[in-house]
Amino acid sequence: MDRGQVFVDETQLLVMESFPPQYLLQVSGSLPTPCHSVRASISEPNAQNQINVEVFSLVDPNLTCVQVLEPFQTGINLGSLPQGSYTVLLNGEQVAEIEAP
């Protein structure tokens, strides 16, 4: 499988009604082709309380696929966080801030 890019159009941080609160990052955009599948990796908060989320695609390089953008929407579970202020980065860009009680 080869790693590919994704084109992110919109993000939204959702706070689930639970105790402690759970956080979900909704991401929508497009994949390069319908043969790509979306993947995400999430890091633990670093020393600056930044949560790095990386969204990318995987594709089998041996597949023949129509060259058209494929819309996607995915929810990335950030879980619950200890009390504090956090910055959420998606592919290196700030997309949200969290104030965990």
Side-chain angles (χ1 to χ4, degrees):
M1 298 295 270
D2 285 347
R3 187 175 170 141
Q5 64 183 26
V6 298
F7 307 103
V8 175
D9 295 329
E10 187 178 347
T11 61
Q12 182 180 10
L13 182 69
L14 302 176
V15 181
M16 309 314 252
E17 293 183 21
S18 62
F19 187 80
Q22 300 270 324
Y23 301 94
L24 182 75
L25 184 64
Q26 288 275 29
V27 180
S28 61
S30 299
L31 298 167
T33 71
C35 295
H36 284 73
S37 57
V38 69
R39 296 288 187 269
S41 67
I42 307 148
S43 71
E44 294 293 320
N46 63 19
Q48 294 81 33
N49 277 355
Q50 294 175 329
I51 302 167
N52 288 297
V53 179
E54 189 176 8
V55 176
F56 55 95
S57 65
L58 291 179
V59 65
D60 182 343
N62 299 315
L63 288 178
T64 301
C65 197
V66 63
Q67 298 297 305
V68 61
L69 293 177
E70 177 72 12
F72 79 89
Q73 184 171 1
T74 189
I76 302 166
N77 187 355
L78 304 178
S80 61
L81 298 165
Q83 182 177 3
S85 299
Y86 299 88
T87 301
V88 180
L89 303 174
L90 177 66
N91 294 348
E93 294 188 30
Q94 181 175 335
V95 293
E97 296 213 1
I98 297 172
E99 287 294 327

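Side-chain atoms are counted along with the backbone in the values below, which use heavy atoms only and exclude waters and symmetry mates. Remember, predicted model here, so these are calculated numbers, not experimental data.
- Proximity of Thr33 to Val68: side-chain heavy atoms (C-beta onward) are nowhere separated by under 4.5 Å.
- Without hydrogens or angle criteria, Asp60 side chain to Met1 main chain gives no donor-acceptor distance under 3.5 Å.
- Here the CZ atom belonging to Phe56 is positioned 9.5 Å from the CG atom belonging to Asn91, to the nearest 0.5 angstrom.
- Residue Gly75 comes nearest to Leu24 through the heavy atom pair C-CD1, 3.8 Å, listed as atom of the first residue, atom of the second, then distance.
- Residues forming a side-chain contact (heavy atoms from CB on, under 4.5 Å) with Val8 (at least two apart in sequence, or on another chain): Val6, Thr11, Val27, Leu90.
- Transitive grouping of hydrophobic side chains (ILVMFWY, heavy atoms separated by less than 4.5 Å) keeps Leu25 and Leu14 in distinct clusters.
- Follow the hydrophobic side-chain contacts under 4.5 Å out from Val15 and you reach Val88 in the same cluster.
- Looking at Asn49 and Thr87, their side chains never come closer than 4.5 Å, going by heavy atoms from C-beta outward.
- Side-chain contact between Pro101 and Pro20: absent, with no pair of heavy atoms (C-beta onward) separated by less than 4.5 Å.
- At least one side-chain heavy atom of Pro34 sits less than 4.5 Å from a side-chain heavy atom of Cys65.
- With Ser57 contributing its side chain and Gln5 its backbone, the two residues share a donor-acceptor pair below 3.5 Å.
- Distance check, rounded to the nearest 0.5 Å: CD of Gln94 to CD of Gln50 gives 8.0 Å.
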* Might you work through the side-chain contact (heavy atoms from CB on, under 4.5 Å) test for Glu44 and Asn46, ending with a clear yes or no? => CA-CA 6 Å; Glu44 294 293 320; Asn46 63 19; over 6 Å; no
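- Other residues, nucleotides and ligands contribute more than 12 heavy atoms inside 6.0 Å of the CD atom of Gln48.
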* Asked: Does the pair Ile51 and Leu89 meet the rule for a side-chain contact (heavy atoms from CB on, under 4.5 Å), with working shown?
  -> CA-CA 6 Å; Ile51 302 167; Leu89 303 174; over 6 Å; no
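- Rounding to the nearest 0.5 angstrom, the gap separating the CD atom in Glu54 from the CD1 atom in Ile42 is 11.0 Å.
- A 6.0 Å sphere centred on CD of Glu93 holds no more than 12 heavy atoms belonging to other residues, nucleotides or ligands.
- Contact between Asp9 and Ser30 at its shortest, heavy atoms only, is OD2-OG, 4.2 Å.
- Looking only at side-chain heavy atoms (C-beta outward), Pro32 and Phe7 come within less than 4.5 Å of each other.
- Using a 4.5 Å cut-off on side-chain heavy atoms (C-beta onward), Ile98 and Leu81 make contact.
- Residues passing the salt bridge (Lys or Arg N to Asp or Glu O under 4.0 Å) test with Glu99, sequence neighbours excluded: none.
- The structure places CG of Asp2 at 9.0 Å from CG of Leu58, a figure rounded to the nearest 0.5 Å.
- Using modelled atom types, one side-chain atom of Ser43 and one backbone atom of Asn52 make a donor-acceptor pair closer than 3.5 Å.
- Taking each heavy atom of Ala100 and Tyr86 in turn, the nearest pair found is CB-CE1, 4.0 Å.
- Between Val38 and Leu31, the closest side-chain pair of non-hydrogen atoms falls below 4.5 Å.
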* Let me see the working for Val53 and Leu78 under side-chain contact (heavy atoms from CB on, under 4.5 Å), right down to the final yes or no. => CA-CA 9 Å; Val53 179; Leu78 304 178; 3.9 Å; yes
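- Ser37 places none of its side-chain heavy atoms less than 4.5 Å from the side chain of Val59.
- Separation of atoms OG1 (Thr74) and CD (Gln26) is listed at 7.5 Å; rounding is to 0.5 Å.
- The CD atom of Gln73 sits 8.0 Å away from the CD atom of Glu10 when rounded to the nearest 0.5 Å.
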